[in-house]
Every structure is written in structure tokens, then in C-alpha cells.
Amino acid sequence: MIIDMPETTVSAVARRLIKIREEGGAIALGRVLTLVIVADENEIEEAVDAANDASREHPCRIVVVSTAEGRPDQLDAEIRVGGDAGASEVIVLRPSSVVAQHPDTLIMPLLLPDAPIVAWWPNEVPDSPSTDLVGQMAKIRITDSLKCTSPSATLETLRKNHHPGDIDLSWTRVTVWRGLLAAMLDQPPYEPVTGVTVEGAEAHTSVDLLGAWLAEKLRCPVTITRNTDELAITKVVLHRKSGDIVLDRPDGRVATLSQ
């Protein structure tokens, strides 16, 4: 169910949420966090779909803030519950550019009590998420440098302004790669790695992060090979005296680990 509330206020939205819970029996007691999504209008549906999928494991309240450029100084909103909201409640706020200058005041009345706040920018991100008006409210701040116009430059800016609680999805994308490679080094022969080669897409920031992590942990030179035809990380080779460890994923889906 989607309830449209044009030319409204945040207080009216909060009252309508209470009414919906009272009438429908839906409660917010099982919600483990409030997820605040800052997105452009054309990013809303994709971001909400992803958040709804995640809410089935981590029930939450989702608050989307999307500035409506060129509109009068007003706030339009919609509330999604039931089948349109996964295991969560979704509130979409569309403030005009003037109203959006203080997004924290829009979000505050809609937060769940005693629940952590997570902020997510699906595409373009602020230079310093922890000092952003929305980011200051959040315990965890999620960015995705890969979706930005200049991924490498964005990652470098995020690095300079990093604060505990800042997470970039380019780092989480290498979790499986890191686990497989670490597991192979836990098996004999226990030889030092003399060098590493990482192959992947030209502008994919996960390639840089995996290479940097391997260089730091293994204390050896890392060579990064880029290919414009690839979409992600395609191969990692750990060079050792007795032979290489190769994790190869040429099709972007199935990986082969050989030693």
C-alpha cells in the first residue's frame, strides 16, 4: 500500500504512521535500525528495492530523502507499507531545494526510538560523510564510490576524510576474495608470498582496495593490471617459490581456485 501526502509536513507524516500502525496492527518494535537513504529521484526505486531485500534479514524503517529541484517551497511525501515495503516501513520525502537545506530536521521526527541510524548514499556522495548533516546523525555511513562519476577520485577523497563508521561498498565487494585467498595461505606449504598480481576492470575501485589490502598484509609488491573489457575483479595471483596460487573468475560469476 502506498499513501501519497502532497504538500505536507513531517509532523503530519509521523501522525499518519501512528494511525497506520493502530489501524493495521503493524508495529515498529521489531525494527532494528532506521535506514536513511539520500538519493536523486531516478535512484529511489532501485535503492528502495535493495533496502527492502535487506530488510527481510534486518527489519528497519527506511526514510528516503530526495530533493525535488524546481518545485515550490514545500514537502511532498509518500508512505509505503505491506507488500510495497518488504519487511519495513518506507517513507519517501521529496522536499524542495529550500526545504532540503536542513535534511536533519526532516528526518528527526521519523526516527525509531533507541535504534541506530544508518545513512546510505547510493550514488554521488558528500566529500566527508561524517560531517554531512545526515551523516552526523548516523552511526554507520555507507557510500559506493563505484557508482560515482569519478570513482577513483571519490575513493581518494573518502580516504582523506575517513572517520570510524564510514563504509564504502567497494570494500565489501572484496570480502569473498579476501576470505578465499586467506584460506589458501592457511594451508601448506607455508611459504612467503613474493609478489601479487591483481587483474580487473579499469575504473573499478575494488581492484585498488584489494591490491592495497594484499600489499599491507603480505608486505610484498603488488601489480595491478587493468582491462577495459572487464566489469570487476577477474584474477588474483599470489606468487610463491613453490608455485602460484591463482583465483580466476573470467566470466564474472564462477571462480576457479588453483594451487
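Note: hydrogens, waters and symmetry copies are ignored here, and every other heavy atom, side chains too, is used. Count residues from 1 along the sequence.
Contacts of Arg15 classified as salt bridge (charged side-chain N to carboxylate O under 4.0 Å, His left out), with partners at least two apart in sequence or in another chain: none.
The two residues Ala77 and Leu93 come nearest to each other via the heavy atoms CB-CD2, 3.9 Å. The heavy-atom pair separating Thr67 from Ser97 by the smallest distance is CG2-CA, 3.7 Å. Across Ile37 and Ala47, no two heavy atoms sit closer than the pair CG2-CB, 4.0 Å. Minimum heavy-atom separation, Leu146 to Pro151: O-CG, 3.9 Å. Contact detail for Val196 and Cys220: the closest heavy-atom pair is CG2-SG, 3.7 Å. Shortest non-hydrogen contact noted between Ser130 and Asn161 is OG-O, 4.3 Å.
Between the side chains of Thr149 and Glu124, at least one donor N or O lies within less than 3.5 Å of an accepting N or O. Using a 3.5 Å distance cut-off with no hydrogens or angles, the side chains of Glu191 and Ser242 do pair a donor with an acceptor. Judged purely by distance below 3.5 Å, without hydrogens or angles, the side chains of Ser145 and Asp168 pair a donor atom with an acceptor atom. Side-chain contact, Asp127 with Thr157: no donor N or O sits under 3.5 Å from an acceptor N or O. Side-chain contact, Thr197 with Thr223: no donor N or O sits under 3.5 Å from an acceptor N or O.
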Can you give the donor-acceptor pairs under 3.5 Å from side chains of residues 104-120 to other protein atoms, not counting sequence neighbours?
| from | atom 1 | to | atom 2 | distance (Å) |
| --- | --- | --- | --- | --- |
| Thr105 | OG1 | His102 | O | 2.7 |

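Although no hydrogens or angles enter the test, the distance criterion places a donor-acceptor pair under 3.5 Å between the side chain of Asp76 and the main chain of Glu7.
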